[in-house]
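Below is one structure; the comments refer to it alone.
So you know, we letter chains A, B, ... as the sequences are listed, proteins then strands, and number each from 1.
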Amino acid sequence: MGALCHYHHHNHTIFLSSINNTPSIHHRRSKKPNTAFPHSHNHSRASSSSSSLSPLTKALLHAVSSGSMQHALSLFDKMPHSNTFHWNLLIRGYTDNAFFLSALNLYLTMRFQGVPTDHFTYPFVLKSCAALLNFREGEKVHGTLFKLGFAEDLYVCNALIAMYAKFGHIASALRVFDEMPLPDLVSWNSLVGAYLMVQQYFTSLRLFSQMLQTGIRPNKFSLINALEACSLCSYQLWGKEVHCYALKLGFESDIMIQTSLLDMYSKCRLLSYAERIFDSISSRNIVAWNAMISAYALNGQPIRAFDSLERMLKDDKLAVDNVTLINLLPSCAQLGAVLQGKAIHGLAIRKGFLPHLVLETALLDMYGEFGILKLAEVIFDQMVDKNLITWNAMIAAYVQNGWYRKALKLFEELLSGYLKPDTVTIASILPAFANLASLRECRQIHGYIMKLQFHLNTFVSNSIMYMYASCGDLVTACRIFNEMACRDIISWNTIIMAYAIHGMGRRSIELFSEMKRRGIQPNDSTFVSLLSSCSNSGLVNEGWAYYNSMKLDYGIEPKIEHYGCMLDLIGRTGNLDQALSFIEEMALLPTACIWGSLLNASRNKGNIEIAELAAERILSIKHDNTGCYILLSNMYAEVGRWEKVEQIKSIMKKKGLEKTQPCSTVETNFRLHRFTNKERSHAESEMVYEVLDIISRKMGHSKCILSATKFKPSELASKTANSPENHSVRLAICFGLISTRLGEPVLVRKNTRICEDCHVAAKKISQITKREIIVGDPKVFHHFRDGHCSCGDYW
DNA sequence: TTAGGGTTAG
């Protein structure tokens with residue numbers, strides 16, 4: 001391990017410069033309790049040595065120390081002259097045995113009866129308030145002890161810091177610390193711990209460093225705190241520095257320090273360092289094994305996590321505890337090992353580990369990742385004890401599986417309860433807004449987020465940006481990006497994706513260049529954004545260039561998403577042979593998405609043979625893919641193969657699949673207007689049809705202009721009851737034209753992809769009316785301006 | 001008689 005020590009010469013050294021061997025300062029009680037206060041008269045007696053204690057007092061002391069509170073209470077009741085010392089003893093007994101409410105009540109009785117309290121009383125009372133999370137009472141006790149003159153006592157102050165830390169009231173904890181005459185090691189450790197608890201890792205590290213500078217020699221708890229802070233910042237260099245310091249102080253073979261180091265290296269993504277620490281532990285206990293199992297999951301080595309489990313059971317003959325199981329679950333999720341996951345669930349039940357808040361939340365999360373939402377819901381509903389993390393996990397499970405409505409419902413339920421959402425809640429729920437909400441609702445949640453000050457969090461800002469972009473408001477998405485104080489790689493990937501969704505590939509490329517200029521290293525997601533942008537905008541050559549550069553210049557191996565983008569790009573060129581050979585040469589097994597991309601390409605080219613092939617492959621993977629049936633059916637209809645159309649219709653009927661009812665929406669200031677095909681129930685329907693009629697006439701003989709469809713036998717008109725002239729999107733566009741301000745774009749959102757006729761019509765309408773028309777479908781936003789569309793007529 | 005402790009869920 002000595003090899004790690006060279007790091008203290010590094011520029012980033014923050015701690016070691018202040019490390020020396022000065023002995024710790026001895027802190028003495030700074031000030032005697034206020035003896036002028038009337039209640040303190042028999043204080044000195046209370047502190048006398050045990051040799052001069054009465055037999056009854058000695059018995060009470062013994063009872064409390066051995067934890068028999070019943071006995072202690074009966075002795076206390078027998079006392080003719082109980083004093084402060086006796087009361088303190090009893091309060092201590094209750095606190096030590098976790099009867100916090102009894103401890104607090106006893107203190108209140110003490111005060112009520114006029115028994116004087118002293119500086120020994122308060123640490124116990126404060127600890128009880130903290131344990132009960134009783135903020136109100138804790139503050140009251142603080143007020144009382146302040147008035148009584150105990151607020152400068154070292155032990156009382158330390159207990160106050162710990163209590164406020166537990167409440168998450170960092171400002172109060174800091175104030176107590178700042179007003180202390182001479183904070184000691186415990187005070188510093190408590191404050192550092194307090195900042196850890198409120199997740200302010202950098203501040204806690206800064207405090208740790210300040211502590212070193214004042215010459216206080218840290219103990220192992222200081223180092224454990226510092227290591228946790230380093231791991232949560234994922235800052236390897238500082239972690240290594242603390243490691244050196246631990247060696248210097250002789251904590252090399254302290255198992256708690258070793259476990260903390262292991263965990264720090266694991267969270268800093270230095271798995272081999274973590275393994276070396278683990279190997280150096282002479283006698284491994286369950287905590288060390290659990291930490292190692294967690295390390296493997298965290299670093300994407302789930303198989304090794306299970307190997308460790310086996311070694312732990314066999315070599316060290318240790319039994320699993322609930323933490324072991326909690327740590328194994330993410331490995332199951334990574335492997336998609338449903339059976340093993342369920343086996344662990346069963347084991348947890350047999351071992352009597354359930355109910356257990358953390359274990360249940362971890363199970364819920366795993367089932368969510370498996371996509372087995374029914375089981376996740378069962379766990380959630382049956383949990384007796386839930387916290388915010390549990391709620392967030394359930395919301396995330398819904399969102400990740402596309403159950404947005406359920407997610408929104410749960411989110412609303414959360415808001416109406418006593419728990420308050422945090423940044424994780426918000427970042428988890430925003431994709432549901434992005435998918436389902438109107439712009440007005442997006443603005444509402446945005447306002448709410450600003451009120452909570454969560455918009456300052458990069459993670460949240462990224463989600464807000466994406467939400468606006470997917471709801472059609474690219475302008476606001478950009479403004480948020482520009483106003484962000486702290487952009488990470490995800491911010492850049494998101495803004496590039498935002499332009500991709502809106503078919504503005506050139507702008508995506510500019511942003512990619514700017515990102516590189518600023519020294520930000522692109523990752524694999526950056527290329528997903530960039531390649532989809534090239535594909536959506538028809539930048540074929542650029543797309544190929546980036547695809548090649550990704551591998552050559554950045555060493556990023558293409559994932560299935562990258563292949564999907566490239567296939568869309570190839571599809572645009574209409575070269576289906578190239579598309580087929582691309583699929584064959586892929587290093588990964590094609591998914592339903594890949595075949596979907598080929599299906600789309602063959603539809604655009606009107607190649608029904610390849611479409612059939614693609615559809616067959618899709619349905620062999622996902623046999624309930626409605627969109628696939630519909631697309632194929634439409635293609636058969638276009639070439640007049642009605643027997644095939646009927647056949648698909650009957651298959652769908654047999655499988656219980658229903659065609660999604662196409663609908664388009666437009667928002668005015670106050671509400672969302674929804675149109676289906678041939679809609680006549682809208683209040684303004686008459687006006688809408690009048691506008692549609694005027695525009696159709698302006699477009700000229702609509703029939704011939706709009707007949708851009710490649711195959712359109714005359715019989716089609718009679719077979720399709722649903723003529724494109726009455727498609728929802730046109731009604732929505734017309735309503736948008738009359739209900740929004742001139743100069744503003746008309747924004748229409750659609751739940752299915754726009755048909756070719758409507759696409760031609762929308763281009764024409766944009767030209768005739770000189771208005772920008774934006775039509776968003778589940779995949780892209782078409783920006784129609786002056787008779788052209790941003791998608792380059794391929795979607 | 002008086003303070004804090006390693007692994008654990010989003």
Query - Over 12 non-hydrogen atoms of neighbours within 6.0 angstrom of CZ in A:R311 - result: yes
Report task. For A:I255, answer base if it contacts any base atom (sugar-phosphate contacts may also be present), sugar-phosphate if it contacts only those atoms, and nothing otherwise; contact means non-hydrogen atoms under 4.0 Å. Result -> base
Query - Among B:dT1, B:dT7, B:dA9, the nucleotide that comes nearest once only the side chain of A:V358 is considered - result: B:dA9
Report task. Nearest whole angstrom, please: distance from the P of B:dT1 to the OH of A:Y94. Result -> 20 Å
Query raised in the report: Can you find a donor-acceptor N/O pair under 3.5 angstrom joining the side chain of A:T259 to the base of B:dG6?
Result: yes
**Report entry** Phosphate OP1/OP2 of B:dA9 contacted by A:T390 side-chain N/O (<4.0 Å)
**Finding:** no
Query raised in the report: With a non-hydrogen cut-off below 4.0 angstrom, is A:S294 in contact with a base, only sugar-phosphate, or nothing?
Result: sugar-phosphate
Query raised in the report: How would you label the contact of A:K127 with the nucleic acid (heavy atoms, under 4.0 Å): base, sugar-phosphate, or nothing?
Result: sugar-phosphate
Query raised in the report: Looking only at heavy atoms, which two atoms of A:I426 and A:F411 are closest? And how far apart?
Result: CD1-CZ, 4.2 Å
Report task. Look at all strands and tell whether A:N327 reaches a base, only sugar-phosphate, or nothing, counting heavy atoms closer than 4.0 Å. Result -> sugar-phosphate
Query raised in the report: NA contact type, A:N322, heavy-atom cut-off 4.0 Å: base, sugar-phosphate, or nothing?
Result: nothing
Query raised in the report: Does A:K386 make a cation-pi contact with A:F380, if we ask for NZ or CZ under 6.0 Å from the ring centre and within 45° of the axis?
Result: yes
Report task. Measure from the side-chain heavy atoms of A:F221 and tell me the nearest of B:dT1, B:dG5, B:dA9. Result -> B:dG5
**Report entry** Aro-ring/base stack A:F120-B:dT2, d under 5.5 Å, angle under 30°
**Finding:** no
Report task. Using a heavy-atom cut-off of under 4.0 Å over every strand shown, decide if A:K166 touches base, sugar-phosphate, or nothing. Result -> nothing
**Report entry** Closest non-hydrogen atom pair between A:Q334 and A:A297, with its separation
**Finding:** NE2-O, 2.7 Å
Query raised in the report: B:dT7, B:dG6, B:dT1: which one has an atom nearest the side-chain heavy atoms of A:I224?
Result: B:dG6
Query raised in the report: Between B:dG5, B:dT8, B:dG4, which nucleotide gets closest to the side-chain atoms of A:M256?
Result: B:dG5
Report task. Check the distance between B:dT1's P and A:L126's CG and give it to me in whole angstrom. Result -> 20 Å
Query raised in the report: Base, sugar-phosphate, or nothing: which does A:S260 touch, judged by heavy atoms less than 4.0 Å apart?
Result: sugar-phosphate
Report task. Answer with yes or no after comparing the ring centroid distance for A:Y164 and A:H142 against a 6.0 Å cut-off, counting only values under it. Result -> yes
Requested in this report: Please work out if A:D254 contacts a base, only the sugar-phosphate, or nothing of the nucleic acid, heavy-atom cut-off 4.0 Å.
Outcome: nothing
Requested in this report: Can you figure out which of B:dA9, B:dT1, B:dG5 approaches the side chain of A:R92 most closely?
Outcome: B:dT1
Requested in this report: Tell me which nucleotide among B:dT7, B:dA9, B:dG5 gets nearest to the side chain of A:D263.
Outcome: B:dT7
**Report entry** Shortest side-chain distance from A:L185, nucleotide among B:dG6, B:dT7, B:dG4
**Finding:** B:dG4
Query raised in the report: With a non-hydrogen cut-off below 4.0 angstrom, is A:N225 in contact with a base, only sugar-phosphate, or nothing?
Result: nothing
Query raised in the report: Looking at the side chain of A:Y155, which of B:dA3, B:dA9, B:dG5 is the nearest nucleotide?
Result: B:dA3
Query raised in the report: Counting only distance, no hydrogens or angles, is the base of B:dG5 paired donor-acceptor with the side chain of A:N189 under 3.5 Å?
Result: no
Query - Quiz item: A:N387 side-chain donor-acceptor pair to B:dA9 base, under 3.5 Å - result: yes
Requested in this report: Answer yes if the side chains of A:T425 and A:D422 hold a donor-acceptor pair under 3.5 Å, and no otherwise.
Outcome: yes
